[in-house]
Structure formats: C-alpha cells, structure tokens
Amino acid sequence: MPSDPTLRVKALESLLVEKGLVDRATVDALIDTYEHRVGPRNGARVVARAWADPEYRRRLLADADRAIAELGYGGMQGEHMVVVENTPRVHNLVVCTLCSCYPWPVLGLPPVWYKSAAYRSRAVIDPRGVLREFGVDLPDDVEVRVWDSTAEVRYLVLPERPARTEEWTEQQLAAIVTRDSMVGVARSPAPAGGRSA
Amino acid sequence: MNGIHDMGGMHGFGRIPRPPDEPVFHAPWERRAFGLALALEALGLWSEDAFRSAIERIPPVEYLRQPYYERWVVAVVDLLQRSGAVTAAELEGGRPVRPAGTTPAAVPPGRVPALVASRAGSRRDVVVAPRFRTGQSVRARNLHPSGHTRLPRYARGRLGTVERDHGVWILPDTNAEGRGENPQHVYSVRFAARELWGPAGSARDAVYVDLWEDHLEPA
C-alpha cells in the first residue's frame, strides 16, 4: 500500500468497498454525524440547563447518563458519563493519558491538543503548568483534580456559572459555554462583554 | 504493554499545540480514515479493546511520527489481516483475491443512527460482588503485562483511595487479547499528587484513575 496517507486511505477504501466490507454511504454518514451534528454545543446545553435549573444540576451530578439523555444526548463513546463540578475550591481537568478518550455525545471529537503527547504526558504530573499554558492561573488554595479516562467512563466538567448572569436565559447561558471549560482547561467563561477564557 | 502510548508523567514533549480555529478533520483522508474505522468496527470482527491494542503495538518511533488518524489506519490494516478479513496479498495488490461473500456484509448506512446512539458499550449487567468499597485504601498492583492494559505505569505500586464504584465492566486487558471478558468492578481511585510524583506534586492536588479489580490490591 502507498505510504502517503491520502493515497493509502483511498486504496484501502476501494479495496474494502470491492470486498463488500464497507459501504461508502455508511462512511459518509458517520463522518457527517461527527463533523456536523455532534459537538460541544450539546455539552453547552447540558451545562446551561444545570446552571439554570438546580434540580437538573442535582440529577446531572448524581446520574449523568440519565440527565444528559433528558436532552437527547448519549451513545457511542459516552455510554457511561460522569459530570464533575468545579467550585471555588475545586478545579477539575480531564485527560486520557493512554489514548484519546473523550465524551463524544456531548463534546464531539477531541481537538489536536487533547490528543497531543504534550497534553497527555503533562496533565497528570503538572496540571497547574498545563492550566497556566491555557491562561488559567489557579490560586494555591484551589484543589486540582485530574481525571485520567483509563476506563470506558467519560468525564465532563461542569464549570462554575459566571457572576452577573442571574437574569440570563438558558439559551444565553449555553452560548457562552466553551468546549475548553467542559474539559477543564478553561475556567468559567466571562459573561458577554468580558473576555471568554 | 510498557509502550510509548502510556505517556502520563513523561517529560520532554514541550508546549501543547493549539492551532486556532481548528477544524474537526484536518485533511480529507482523516475524514475517510475515521469513517472507515468506525464502519469496520461495527462489523464485530474485533473489539474496541483490540483496536486500542493494535495502536499500542505501533513501534514507538513510528507512533510519535504518525498523525493521530494515521495510527488508526495502521491499526485497521493490522486487524483486517489478523481477523482474516483481508489478506496481505489483497492489501499489496489493492484488489480482492478471495471471492466476495466470505466476509461479513458491510454495515448499511441506515444503521448509522442506531450505531451512533448505541449505549451497549462494554458495561455488563451481571451481579458480581465488589471486592473493594468506597473510602477503602488500595494499592495499584505492580504489573507489567506485555499486552494491553488500562493500568498506567505512573500509578503502579501507588497507594490510593476508592472514590466511586462504576459498576461491572469487561476487563480490556484480557478482552483485547481474546482471553475473555472477565467482567468485574471498575473504581475511580484517587491518588494524591505527592504519592505519584513525590515533592514535584502539589500537596493539595490529586489524580483520579479508573481501575479494574485486577489492577488493585487491599492496602
């Protein structure tokens, strides 16, 4: 097979289609799902609902699968999800040191930095250094909890709700939730007008 | 296996690459590699654990050189041959040698929504008495298997506390190698940063690692 990835994948796909092992339309549909339909906006809706509805937040922290399913999300690479909550005293950071495990149903596919050797190696031994690199300087009295996704459990961080958003609708809240804050490399986003971390 | 994939705690990889406005896929071939790997895994010729194991078998120098989805392609090609679905001659020639119909039929596009929404996973709905309880002190065993394992090197031999019982799951260490599912409890184990990294760790921080019973012993 050719070594150039483009030619190699093309040759492999042709062979697999000819052998009847793969249907191109199935490959198209899978790509379309994760390129256009499933992404961090799903997680943002979950977070916004938890911010807006204390009862939902309670359910989300107690049984994330069921609470996330209430919004219609769940499935592949998110068969079992756990939500960990940031507070003024605790900051959570998610990593997969062994590969690239990530909660697909709520965040989509992981970005390059999450899969990089630098992040995977450093997040567990130097989480505060990693956070500083992302622009988050945590005071010493905040405990950092790093979640290494070594099993099939997928973690989602519930960031702190920004101040001065009491009057906001759930939709407005969802619009300011960033992917990075749900992985834990950003703190709570600043409300509109401020800088989004 | 003590491979390059087991990166937790390593030094020397530098700053974290963060391209601005990153697309989901960076090249058309990445798209196809992703879709192909998922479409093939749905055939059931191999488990996700076997897929991960195949990625981990990539020699370290190549692993580090290859872009993420290239590793997927290498693993898929490896597993296609191991499972007997495709022969080396077919890969070499790029054309089927064996007649069609001797391998499973392609997953039809109509099954994609169900596949994506599937919550089947590798959790097992069987009753197995847990060996450890929440709050208990445990030690990660000092194991160095040559095959797939979910016990990262940095946790081996270290003392932790069971924080949560995740229920009963297939043990990937044996499942990846075709040595059975061995369903057992998986726990979130809290390791103090100082326990893992010595004085380099913060006195306040901790790493939570999801570990199977086979990875743990009472402390």
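No experiment lies behind these values; they were computed from the predicted model shown. Each chain gets a letter, A, B and so on, in the order its sequence line appears, and its residues count up from 1.
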Legend entry - Beyond-backbone contact of Tyr102(A) with Ser149(A), side-chain heavy atoms, under 4.5 angstrom: no
Legend entry - Contact check, side chains of Arg156(B) and Arg158(B), non-hydrogen atoms, under 4.5 Å: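 When only atoms from C-beta onward are counted, Arg158(B) and Arg156(B) do not touch, as no gap falls below 4.5 Å.
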Looking at chain A, which one of [options] has the largest number of heavy-atom pairs inside 4.5 Å, strictly under?
options	answer
Gly201(B), Ala200(B), Ala105(B), Ala85(B)	Ala85(B)
Val107(B), Leu64(B), Val112(B)	Val112(B)
Ile4(B), Asp6(B), Leu38(B)	Leu38(B)

Residue-level interface, [range] with chain A, non-hydrogen cut-off under 4.5 Å:
range	value
residues 68-82 of chain B	Tyr68(B), Tyr69(B), Glu70(B), Arg71(B), Trp72(B), Val73(B), Val74(B), Val76(B), Val77(B), Leu80(B)
residues 187-198 of chain B	Ser188(B), Arg190(B), Trp197(B)
residues 46-58 of chain B	Glu48(B), Arg52(B)

Legend entry - Aromatic ring pairing His166(B)/Tyr155(A), orientation class (parallel under 30°, perpendicular over 60°, tilted between): perpendicular
Inset, instruction - Heavy-atom pairs under 4.5 Å with chain B are the metric here; pick the option from Trp104(A), Trp147(A), Trp113(A) that has the most. - result: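 Ranked by contacts with chain B, first place is Trp147(A).
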Inset, instruction - Name the region of Val209(B), side chain, backbone, both or neither, that has any atom closer than 4.5 Å to a heavy atom of chain A. - result: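 Both parts, heavy atoms under 4.5 Å.
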Inset, instruction - Would you mind checking which part of Pro172(B) comes under 4.5 Å of any heavy atom in chain A, side chain (CB onward), backbone (N, CA, C, O), both or neither? - result: side chain
Inset, instruction - Decide whether a cation-pi geometry holds between Arg49(A) and Tyr56(A); the criteria are a distance under 6.0 Å from NZ or CZ to the six-membered ring centre and an angle within 45° of the ring axis. - result: yes
Compile the donor-acceptor pairs under 3.5 Å between side chains in residues 13-22 of chain B and protein atoms, sequence neighbours left out, one pair per line.
| from | atom 1 | to | atom 2 | distance (Å) |
| --- | --- | --- | --- | --- |
| Arg18(B) | NH1 | Glu133(A) | O | 3.1 |
| Glu22(B) | OE1 | Val112(A) | N | 3.3 |
| Glu22(B) | OE2 | Val112(A) | N | 2.7 |
| Glu22(B) | OE2 | His26(B) | NE2 | 3.3 |

